[in-house]
Amino acid sequence: MDAKDQPQAKVTRSIVFVTGEAAPYAKSGGLGDVCGSLPIALAARGHRVMVVMPRYLNGSSDKNYAKALYTAKHIKIPCFGGSHEVTFFHEYRDNVDWVFVDHPSYHRPGSLYGDNFGAFGDNQFRYTLLCYAACEAPLILELGGYIYGQNCMFVVNDWHASLVPVLLAAKYRPYGVYRDSRSTLVIHNLAHQGVEPASTYPDLGLPPEWYGALEWVFPEWARRHALDKGEAVNFLKGAVVTADRIVTVSQGYSWEVTTAEGGQGLNELLSSRKSVLNGIVNGIDINDWNPTTDKCLPHHYSVDDLSGKAKCKAELQKELGLPVREDVPLIGFIGRLDYQKGIDLIKMAIPELMREDVQFVMLGSGDPIFEGWMRSTESSYKDKFRGWVGFSVPVSHRITAGCDILLMPSRFEPCGLNQLYAMQYGTVPVVHGTGGLRDTVETFNPFGAKGEEGTGWAFSPLTVDKMLWALRTAMSTFREHKPSWEGLMKRGMTKDHTWDHAAEQYEQIFEWAFVDQPYVM
Ligand SMILES: Nc1ncnc2c1ncn2[C@@H]1O[C@H](COP(=O)(O)OP(=O)(O)O[C@H]2O[C@H](CO)[C@@H](O)[C@H](O)[C@H]2O)[C@@H](O)[C@H]1O
Ligand SMILES: OC[C@H]1O[C@H](O[C@H]2[C@H](O)[C@@H](O)[C@@H](O[C@H]3[C@H](O)[C@@H](O)[C@@H](O)O[C@@H]3CO)O[C@@H]2CO)[C@H](O)[C@@H](O)[C@@H]1O
């Protein structure tokens with residue numbers, strides 16, 4: 001978009017994102033994509049935007065921080081029985097201040113949150129440091145010559161950042177600091193809440209009377225033994241209680257989190273905060289995800305000339321060692337190998353699906369059981385199935401472009417980005433109709449009011465039979481109804497998935513937050 005066409009915010013603010021990850025510095029999934037692109041979209045609309053995240057040095061991500069300079073600012077954080085020194089690094093890029101909190105606990109091999117042995121045992125400590133540091137950053141860092149100051153909107157993402165609104169309410173506002181600031185909690189995934197034993201509460205450096213904000217009691221069935229009282233502290237709950245506004249990453253999910261089925265134990269609390277709870281569907285970074293310019297693709301294409309997509313498919317088949325055939329439907333899956341993503345359904349469906357004339361490629365990492373299954377399935381169906389175990393952004397782009405169909409049988413999906421990338425690339429999504437997938441994928445209807453309608457298939461309920469039915473319907477449309485298939489591709493490609501619309505909705509939420517008084521106990 002030309003700068004002159006860029007819509008501007010009616011009211012501009014100082015906005016401080018706090019997150020466990022942001023692309024391209026560090027990414028384990030969709031949280032990284034959103035925190036790497038929404039801040040840039042808000043800055044383009046005229047806001048002053050800072051993103052605060054850890055400076056992870058794990059060997060593979062170190063180079064991503066190469067342009068971030070040491071600020072010479074050090075602070076000491078009183079928690080976990082000591083005083084822990086952290087420092088800040090800074091890079092100004094795309095009109096955003098990227099601020100990296102540096103501490104030895106962020107320097108270790110593995111992924112962001114764990115390694116082959118599971119989640120790191122000191123994650124509560126690591127993200128407590130992040131939250132304290134994020135509260136100090138706007139007060140002490142002179143970025144471009146000026147501090148951000150006390151009149152900020154803190155956008156706290158998921159549990160890693162959830163102590164921020166608690167700290168604002170418990171440790172700053174009582175002393176007259178940050179009374180003009182507000183906070184918005186963005187829930188990307190309720191499955192991760194940052195829950196640890198109640199005995200860790202004194203480590204957090206919070207006043208004893210604030211225990212209730214984080215207090216969490218596991219239901220009896222989830223306790224380990226008869227004497228276990230299930231008492232815990234829950235970071236995400238702390239933010240649900242103390243944030244001024246709460247946003248989920250789709251409207252569908254904002255309703256689901258208030259139900260017993262989707263609320264992961266927080267449904268009653270979230271229902272009690274319905275008046276400040278909204279859903280905003282994520283956008284995508286169309287500089288990064290654009291089939292006309294994508295640097296990861298061997299060929300480029302657009303809605304006006306799809307010939308490059310067929311070439312991308314042939315190159316992908318070659319790369320994967322699959323027979324190069326235009327007529328066979330190529331199905332893709334990309335994602336974390338996690339219970340959330342419904343990999344077990346794919347596993348159950350594969351023997352039946354492999355009886356069809358089809359090709360299937362999966363890219364993912366996570367649960368070692370599914371990683372092993374992907375490897376062994378590849379050797380069982382040499383001409384039809386490929387399981388790429390690992391995390392590779394370029395491969396994810398090539399699969400998104402080269403496939404005909406993208407499968408997402410997620411058990412729950414707060415928004416989902418891969419179906420948005422797929423549509424942008426003319427790849428037709430077949431998804432479980434849940435959360436953001438239901439909000440963004442419209443099931444194909446050959447007899448719509450204006451003729452053919454829809455951008456894919458959203459099946460429900462989540463059963464192997466229903467998923468196979470949706471895939472077979474998609475595959476027969478691909479084979480036997482070429483004009484309809486092209487219509488599906490083109491409707492997906494011409495949908496507006498840019499961040500601007502979502503950014504405008506975030507601005508509205510921020511305005512509402514500033515109309516209300518901030519949270520105080
Ligand atoms: N092995 C691999 N190699 C390369 N890339 C890989 C990969 N595995 C995953 N990815 C990438 O990670 C991202 C995944 O994003 P999603 O939104 O689909 O799910 P995720 O559950 O991580 O995010 C959570 O947060 C986001 C953001 O709000 C919500 O959309 C979502 O519903 C919620 O669960 C995509 O960019 C995908 O390409
Ligand atoms: O962007 C992908 C997701 O990243 C985040 O989820 C991570 C989560 O916040 C981490 O805590 C960790 O989860 C571990 C969990 O804490 C632990 O109890 C155990 O269940 O293992 C989990 C996996 O190690 O890793 C998650 C990523 O795998 C973010 O919060 C989500 O919104 C994003 O979907």
Side-chain angles (χ1 to χ4, degrees), residues 19-24 26-38 110-124 126-127 156-162 186-196 232 234-236 247-250 252-253 256 279-285 288-289 296 332-343 361-368 370-371 374 387-400 406 408 410-422 424-425 429 431-432 434-440 502:
T19 178
E21 55 186 276
K27 160 173 160 176
S28 81
L31 171 64
D33 286 353
V34 171
C35 290
S37 52
L38 173 58
S111 68
L112 311 183
Y113 312 112
D115 57 18
N116 291 342
F117 302 102
F120 293 134
D122 60 351
N123 276 344
Q124 191 194 40
R126 299 166 83 220
Y127 296 103
V156 304
N157 295 276
D158 276 356
W159 79 266
H160 319 104
S162 283
V186 184
I187 299 178
H188 299 263
N189 194 339
L190 215 47
H192 304 293
Q193 300 183 8
V195 182
E196 295 291 343
N234 181 327
F235 272 32
L236 191 70
V247 172
T248 63
V249 288
S250 68
Y253 195 57
E256 286 175 12
I280 302 176
V281 168
N282 288 328
I284 63 175
D285 180 347
D288 213 18
W289 289 92
C296 303
F333 169 92
I334 301 164
R336 293 178 297 109
L337 302 178
D338 186 286
Y339 172 81
Q340 174 188 349
K341 303 293 177 184
I343 324 287
V361 52
M362 290 181 72
L363 166 66
S365 58
D367 188 330
F370 290 125
E371 291 185 350
M374 274 163 59
W388 210 103
V389 175
F391 195 95
S392 166
V393 172
V395 175
S396 75
H397 283 240
R398 292 201 289 276
I399 290 179
T400 305
L406 187 91
M408 290 182 77
S410 305
R411 232 173 221 101
F412 66 94
E413 197 59 82
C415 176
L417 295 171
N418 287 318
Q419 83 282 11
L420 304 180
Y421 299 147
Q424 176 84 357
Y425 280 58
V431 304
H432 172 216
T434 181
L437 297 177
R438 188 174 41 210
D439 287 6
T440 56

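The structure presented is a predicted model; accordingly, all values stated were derived computationally and were not measured. All ligand and atom numbering here is 1-based and tracks the order in the structure.
- Contact between Gly114 and ligand 2 is absent, with no heavy atom of the residue lying under 4.0 Å from the ligand.
- Residue Met408 has no nitrogen or oxygen atom sitting less than 3.5 Å from a nitrogen or oxygen atom of ligand 1, judged on distance alone.
- Note: Asp285 CG to Tyr421 OH = 7.5 Å, rounded to the nearest 0.5 Å.
- Checked by distance only, ligand 1 and Val249 stay at 3.5 Å or farther apart across all their nitrogen or oxygen atoms.
- Contacts between Asn282 and ligand 1, counted as non-hydrogen atom pairs separated by less than 4.0 Å, involve the side chain only.
- For the pair Lys27 and ligand 2, no heavy-atom separation below 4.0 Å is found.
- For ligand 1, the atoms closer than 4.0 angstrom to any heavy atom of Asn189 are 34 (O).
- By the 3.5 Å distance cut-off applied to N or O atoms, Gly416 is counted among the residues near ligand 1.
- Protein heavy atom closest to atom 33 (C) of ligand 1, with residue, atom name and distance, is His188 O, 3.2 Å.
- On a distance-only criterion, Trp159 and ligand 2 share at least one N/O pair closer than 3.5 Å.
- For atom 33 (C) of ligand 2, the nearest non-hydrogen atom of the protein is Leu31 CB, 4.1 Å.
- At a 3.5 angstrom cut-off on N or O pairs, Ala119 does not count as close to ligand 2.
- Among all heavy-atom pairs drawn from Ser162 and Leu236, the shortest one is OG-CD1, 3.5 Å.
- Classification of the Tyr425-Trp289 ring pair by plane angle, with boundaries at 30° and 60°, yields perpendicular.
- For a threshold of 3.5 Å applied to N or O pairs, the pair formed by Trp289 and ligand 1 contains no separation below that value.
- Nearest non-hydrogen protein atom to atom 31 (C) of ligand 1 is Glu413 OE2, 3.2 Å.
- Counting only heavy atoms, the protein never gets under 4.0 Å from atom 20 (O) of ligand 2.
- Of the possible donor and acceptor atoms, one in the side chain of Asn418 sits under 3.5 Å from a partner among the backbone N and O of Ile334.
- Nearest non-hydrogen protein atom to atom 37 (C) of ligand 1 is Asn418 OD1, 3.3 Å.
- Between Tyr113 and ligand 2, no pair of N/O atoms sits closer than 3.5 Å.
- Residue contacts with ligand 2: Gln340 is excluded, as none of its non-hydrogen atoms falls under 4.0 Å.
- Distance check: Arg411 CZ to Asp338 CG gives 9.5 Å after rounding to the nearest 0.5 Å.
- For ligand 2, the atoms sitting less than 4.0 Å from at least one non-hydrogen atom of Asp158 are 29 (C), 30 (O), 31 (C), 32 (O), numbered in the order shown with element in parentheses.
- Taking atom 22 (O) of ligand 1 as the reference point, the nearest protein heavy-atom neighbour is Gly30 N, 2.8 Å.
- Looking only at protein heavy atoms, the nearest one to atom 18 (O) of ligand 1 is Leu417 N, 3.4 Å.
- Between Asp33 and Lys27, the closest side-chain pair of non-hydrogen atoms falls below 4.5 Å.
- Between Ile399 and Val361, the closest heavy-atom pair is CD1-CG2, 3.8 Å.
- Pairing each heavy atom of Ala191 with each of Phe412, the nearest pair is CB-CZ, 3.8 Å.
- Using a 4.0 Å threshold on non-hydrogen atoms, atom 10 (C) of ligand 2 counts as touching the protein.
- Nearest to atom 21 (O) of ligand 1 among the protein's heavy atoms is Arg336 NH2, 2.6 Å.
- Residues His188 and Val249 share a closest heavy-atom pair of ND1-CG1, 3.7 Å.
- Proximity of Gln340 to Pro414: side-chain heavy atoms (C-beta onward) are separated by under 4.5 Å at one or more points.
- Taking only non-hydrogen atoms, the option from Gly366, Ser392, Cys35, Gly364 nearest to atom 4 (C) of ligand 1 is Ser392.
- Taking 4.0 Å as the cut-off, Tyr421 counts as a neighbour of ligand 1 on heavy-atom distance.
- Considering backbone and side-chain N/O of Leu363, none are found under 3.5 Å from N/O of ligand 1.
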Going through the checks in order, is the side-chain contact (heavy atoms from CB on, under 4.5 Å) test met by Ile343 and Asp367?
-> CA-CA 10 Å; Ile343 324 287; Asp367 188 330; over 6 Å; no

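- Looking only at heavy atoms of the protein, atom 7 (C) of ligand 1 is closest to Phe391 CE1, 3.4 Å.
- Here Ser28 has no heavy atoms under 4.0 Å from ligand 1, in either its backbone or its side chain.
- When each of Arg438, Gln419, Lys341 is checked for a side chain to side chain donor-acceptor pair (under 3.5 Å) with Glu413, only Lys341 meets the rule.
- Gly390 O, 2.8 Å is the protein heavy atom nearest to atom 1 (N) of ligand 1.
- Of all atoms in ligand 2, numbered sequentially from 1 with element shown, those under 4.0 Å from a heavy atom of Asn189 are 31 (C), 32 (O), 34 (O).
- When the heavy atoms of Ala23, Ser28, Ala191, Gly32 are ranked by distance to atom 2 (C) of ligand 2, first place goes to Ser28.
- Among Gly335, Gly436, Ser410, the residue whose heavy atom lies nearest to atom 9 (C) of ligand 1 is Gly335.
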Stepwise, does the side-chain contact (heavy atoms from CB on, under 4.5 Å) test hold for Asn123 with Phe235?
-> CA-CA 12 Å; Asn123 276 344; Phe235 272 32; over 6 Å; no

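- At least one heavy atom of Lys27 sits closer than 4.0 Å to an atom of ligand 1.
- Of the polar atoms of Val34, none of the N or O atoms is found under 3.5 Å from an N or O of ligand 1, judged by distance alone.
- Nearest to atom 34 (O) of ligand 2 by heavy-atom distance, out of His188, Arg336, His192, Glu413, is Arg336.
- Put simply, atom 29 (C) of ligand 2 has protein non-hydrogen atoms near it, under 4.0 Å away.
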Check the pair Ser410 / Leu437 against side-chain contact (heavy atoms from CB on, under 4.5 Å), numbers first and verdict last.
-> CA-CA 9 Å; Ser410 305; Leu437 297 177; 3.9 Å; yes

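- Glu256 is not listed as a side-chain neighbour of Leu190, based on a closest heavy-atom distance of 4.5 Å or more.
- Between Val281 and Cys415, the closest heavy-atom pair is CG1-SG, 4.1 Å.
- No close placement of the Tyr113 and His192 rings is indicated, their centers lying 6.0 Å or farther apart.
- Counting atoms of ligand 2 from 1 in the listed order, those under 4.0 Å from a heavy atom of Glu21 are 1 (O), 4 (O).
- The OG1 atom of Thr248 sits 9.5 Å away from the CG atom of Asn282 when rounded to the nearest 0.5 Å.
- Look at Ala23 and you'll find every heavy atom at least 4.0 Å from all atoms of ligand 1.
- Closest approach of Cys296 to Pro394, counting heavy atoms only: SG-CA, 3.7 Å.
- In terms of modelled atom types and a separation under 3.5 Å, the side chain of Glu371 and the main chain of Gly366 share a donor-acceptor contact.
- The shortest side-chain heavy-atom distance between Thr440 and Leu420 falls under the 4.5 Å cut-off.
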